[in-house]
Structures are given as C-alpha cells and as structure tokens.
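Chain A is the first sequence line, chain B the second, and so forth, proteins listed ahead of strands; every chain is numbered from 1.
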Amino acid sequence: MPAAQPATSGYAVELTGCTKQFPTSSGETYFAVRDIDLKVEPGRFVSIVGPTGSGKSTILNMAAGLLTPSVGEVKSFGEPVTGVNRRASYMFQQDALLPWKTVIDNVSLGLTMAGVSKAEAHSESRRWLEKVGLKNFADRYPHQLSGGMRKRTAIAQAWIVNPDILLMDEPFSALDVQTRQIMENELLQLWQESGKAVVFITHDLDEAIALSDEVLILGAGPGSTVVGSYQIDIPRPRDLLDIRDDPRFVALHREIWGRLKVEVSKTYESAMAEEGEAA
Amino acid sequence: MRGIQLLLTVIVLGAWEVLGRAGVIDEFFFPLPSDIFQTVWVWVSSGFVFPHLWVTMQEAILAFLVGAAVGLIFGFILARVRFLERLMDPFLQMFNALPRVVLAPIFLLWFGLGIWSKVAFGFTLVFFIVFFNTLEGVKSVDRVLVDNARMLGASEKQLLRHVFIPSALTWIFSSLHISVGFAITGAVVGEYLGASGGMGYAIAQAQGVFDTKGVFAGMFILMIVVLIIDLLVNRLERHLLRWRPVRSS
Ligand SMILES: Nc1ncnc2c1ncn2[C@@H]1O[C@H](COP(=O)(O)OP(=O)(O)OP(=O)(O)O)[C@@H](O)[C@H]1O
Ligand SMILES: [Mg+2]
C-alpha cells in the first residue's frame, strides 16, 4: 500500500517545466500544455481551473504517471515518477468503476490487489461504505446506482488504499447542485486532518475557492500554461453552505474571475473563429 | 408468442405432409415429415445413431476446446503486445482469407481417416473466430477502466483478471455461440469427405443409397444437438454476465 512507503520528503507533487504534445491525425504536433510548473505540498488542497480543452486532465495524468511529459520532469515526494505514481489515487472525470464488480468488490479492489485477504478487505470496505453513506448498497452493481452514489463509491475506492495524494478530475461536475454541495462537504470532512495532498480539477470557480488552499488558473489552449496562482486564506473549518456570502470569498472570487474570464473568452473566440473558417 | 410459433410449425409441417401425400411435392427429394420422424425414431431406438453421434461429438468438442483455448491465448497476447500484433497481422489475415473447406482434403491426407483430421479442420474454423473476437474485445476495453485499475495497483496479471477478461467476455461469448456451431460443422464436413464413423459419415452413407429420409433424419438430430449445446452456452453466459444491466426490449 502507498502509505507503507518510506518517510515523505519534498513536494507531494512536483511538475517542473512540463510540456506535453500529441501527434495529430494530420501529422503535426499539438501542444496540449507548455512549461507547467506545479508544486503541491503534502496536506495541501490545490485546485486547477481553466477553460475546456486547456489541458487540465493532461496535467493530472502526468502527475499520476499515466502520461509522460514530452519535456520536463515529474516528481513525487522527491522521487521521479516512472510508471504509475504509487503514492497517488485518481478519481477520473468519467465513471471508472468496474461494471462487473459489486460496489463492495469495487471498493475492495485496491486492497485485494495488494494482497489483503478478501474478508479483511471487505470489512474495511464496509467501514468506508458506511462513511460515504452506502452501507445498504454493498451488493449492488454500479449500473444499479445513481450518479451520486457512483461518485461516492469512487471516493471510497480511492481513499481506502490510504494514498498520500488524491488526484480528482472534475469529480462532481456531473452531479446536480444539491448533491454536489453535499459531496463537497463530505470531501472536505474526509480530507481535513487526513494529511493528504489533493489536486482538484474543476470548471467551477466557486467550488475551487470554497474547497482549496490554492487555486491555479490555466490559460486558454493550445499550449496553455499556468497564468495565475491565488492563495485562498479563508480560515478552516469552512462552512460550505454559507461560504459564498463570506466577504473574503467574494473578494477572491472577483479577483480570480477577472483573470479567468480573459482565458475563457479567448477559448470561446478561437472556437468561434474556427467555426467561421469552417463555414 | 410460443402458441403462434407452435401453430406456424404445425401449419408448415402439415402442408408439407399433405402436399407430399397428394404428390405435389416429390417424396423422393422431400420425404414426408412423418417418415423423417419415423427414421429418427428408428435410428434412436435401435441405438444406431449413438456411436456416430459420439464420434462427431468427440471431434467437435476437441476442436472447440483446443481452438477456443489457443484462440483466447493468442487473442490476449496479441492484444497486449502491439509489436506481435503488427508482426502477425498479415499472416493471420492470409490464413483467415483462405476458404477453410479446401483444407479438409489435405488434413485427410496428413492426419488420416480417424478423428484427428476432423479435429484439425474444426480447429481452423474455431480458432479464427475466437481469436479475432478476443483481440477485438481486449482492444476495445474502456481506457479509463484500465487506468483506474493501474492506479489502484494492478499488475499485468491482475489487469487481465479483473479488467480485460471480464470486459472481453461479451465478445468472447458471441464468438462461442458461433464457434460451437462451427466445431460441429467442421466435424460433419470432415466426416462427409472421408471417415469411418460419425454423423457426417452416416448421412453420406444414407445419401449413397438414395435414402433421403436418412439424410433428413441426420440433419434433424444434429440440429437438436446443436440447440441443446447452445442452450448450455446461454446458461453459462447469463451466469458470467449477470452484472450487465438487463436490456429492456
Ligand atoms: N491522447 C490525446 N491525443 C491527442 N490530443 C489529445 C490527447 N489527450 C488530450 N488531447 C488534447 O489536449 C488538449 C487538452 O486536453 P485535456 O483533456 O487535458 O483538457 P481538459 O482541460 O481536461 O478539458 P475538459 O475540461 O473538457 O475536460 C485538448 O485539446 C485535447 O484535444
Ligand atoms: Mg478533462
């Protein structure tokens, strides 16, 4: 298990000068992201916000070790990341539960694959299912759950292996507003004093500010890079239901949105321009 | 539905019987259903058919087991090792393009009149179906499921067990349905071309003495056997794929 690994040193996630390019079908190269520097200290909650297609998932995949940067270096706790990052869990943008496993077997997966006995893994899973409010759904298959329940299962699946880093790619964007607020609250409760580093990706600036210690703004693609970094000094524990009225929240929101707006409209304009060319 | 289906069967067989008796249909080429069932009954009750059926089943089962096993293993390996897939692709396409029936005479020469020439022939039929379906099944596995399992610490072996095999199972099962039929086809065609026993041999014998009733009886018995086997495959499929949402249709 990741937690059993040697003492921590350095940043939980450290991307230095990372550029990722993809070959396109026309034989050219497309720069998804360029010169990304990202440093996440252990125990910190960092969000990345950016317009669609700006390379947020690409950055997370590099941190996870699922993609290797074309240029640059990825380190985790001082060690270069080769292959998948063993210290990290990943909550994907899409549904990633195994459809042929029941909820409890999905949650147990990380433990059983690490050699924990099935009985032990199941009793640990039950504890987690209780925590995320799914203890009566252990024997269901994923297709028998609602979207929010699937996300809860995914949270349990990611947390049960006790990782030092949590990579979350728009985990709640598919949920309705109410469920989303409940899930955000639950996430904060789990995270508080867990000592885990979180890299959280979202479209939603409100969500980013409410949850994070730091918000990074990613520029418009192609070849986007970090264009702004903001420390969120709203004291914790935070009450997510009222935080949007907090004067500090409002001020930060205004400041960051001013920057993000520029990038979002750039993306929008280039999309319109492309459409114009095509027409 | 069942009622209408039964009614349809009765109408078709009844019309056949009546037209045959009236002399509209030539009884020599299309023997009366009642005569066919009579022959089936004689073959079964006298025990004549069972040794032949047993020979055919042996051939079909061996061809199916070996063909499916080798097809599965090849499919999984080639799907996971891109280099091998690219290397083998033209050869596999070549062999697959070959109409398999032309192999039957050569296998007869190589392996003799016994069961092994039929097993070899059935193997070439089963192997390619299972192989291509497994290859496609493994390659079409959702990327994010693989990534998720890898992030949770899956080794290559665990990926195979927890992700690739279950995910490819729908493809593999659709190929099993076809290949069960093909294993039997392979055995019967092989026997037809030269053998000392088996259903194909029995049908060829009946044909040799212009016993069309015997030919039809042989066909009917084979049909029933394949149906029963397919039913068993269906059972297994339903059990192994029970996690799938029930399609409403
Ligand atoms: N495997 C790939 N091959 C080619 N291009 C890719 C690949 N993966 C991503 N891209 C391109 O890189 C860019 C960034 O993609 P990415 O998925 O990281 O964006 P994103 O910020 O996560 O977007 P969204 O908010 O819509 O999820 C996109 O333009 C995408 O088309
Ligand atoms: Mg994305």
Side-chain angles (χ1 to χ4, degrees), chain A residues 1-5 57 60-61 63-67 81 83-103 105-116 121 139-145 153-154 156-163 165-169, chain B residues 72 75-76 79-83 86 133-134 136-177 233-249:
Chain A
M1 259 185 281
Q5 289 192 357
S57 299
L60 215 57
N61 283 334
L66 293 170
L67 279 181
V81 173
V84 299
N85 188 344
R86 288 260 148 274
R87 312 284 292 261
S89 273
Y90 197 147
M91 266 186 79
F92 290 85
Q93 193 168 0
Q94 309 91 319
D95 257 331
L97 298 173
L98 297 178
W100 42 87
K101 286 190 187 292
T102 56
V103 166
D105 283 336
N106 261 299
V107 174
S108 305
L109 197 60
L111 293 181
T112 50
M113 289 197 304
V116 177
D139 297 319
R140 298 260 192 121
Y141 286 102
H143 75 90
Q144 297 168 317
L145 302 178
T153 312
Q157 187 184 53
W159 283 72
I160 198 171
V161 294
N162 194 19
I165 307 161
L166 268 152
L167 308 172
M168 307 179 85
D169 194 351
Chain B
L72 280 174
F76 276 116
R80 292 303 287 152
V81 188
R82 285 274 307 151
F83 168 75
R86 295 229 301 278
N133 272 287
T134 307
E136 209 42 55
V138 173
K139 288 205 306 189
S140 64
V141 170
D142 195 350
R143 198 58 262 144
V144 75
L145 297 186
V146 179
D147 284 344
N148 192 25
R150 284 179 61 206
M151 287 307 296
L152 290 167
S155 62
E156 186 70 16
K157 213 175 99 194
Q158 287 167 326
L159 273 185
L160 201 65
R161 169 160 162 227
H162 294 292
V163 184
F164 287 113
I165 293 180
S167 175
L169 221 51
T170 37
W171 286 75
I172 292 170
F173 263 106
S174 66
S175 73
L176 288 192
H177 282 286
V233 175
N234 264 333
R235 278 270 170 91
L236 186 68
E237 180 177 7
R238 257 215 305 277
H239 177 71
L240 286 177
L241 298 181
R242 64 188 177 282
W243 51 268
R244 279 202 304 186
V246 248
R247 290 219 181 78
S248 50
S249 68

Quiz item: For B:M151 and A:A88, which heavy atoms make the closest approach, and how far apart are they?
Solution: CE-O, 3.6 Å
Exercise. Of all the heavy-atom pairs spanning B:L145 and A:A96, show the shortest one and how long it is.
Key: CD2-O, 3.5 Å
Exercise. Could you tell me which residues satisfy salt bridge (Lys or Arg N to Asp or Glu O under 4.0 Å) with B:R86, sequence neighbours excluded, listed by chain and number?
Key: none
Practice problem: Identify which part of B:V163 has an atom lying under 4.5 Å from any heavy atom of chain A, answering side chain, backbone, both or neither. | Solution: both
Check chain B against chain A and list any donor-acceptor pairs under 3.5 Å.
from: B:N148; atom 1: ND2; to: A:A96; atom 2: O; distance (Å): 2.7
from: B:N148; atom 1: ND2; to: A:Q157; atom 2: OE1; distance (Å): 3.1
from: B:Q158; atom 1: NE2; to: A:M113; atom 2: O; distance (Å): 2.8
from: B:H162; atom 1: O; to: A:W100; atom 2: NE1; distance (Å): 2.7
from: B:H162; atom 1: ND1; to: A:K101; atom 2: NZ; distance (Å): 3.0
from: B:W243; atom 1: O; to: A:H143; atom 2: NE2; distance (Å): 3.2

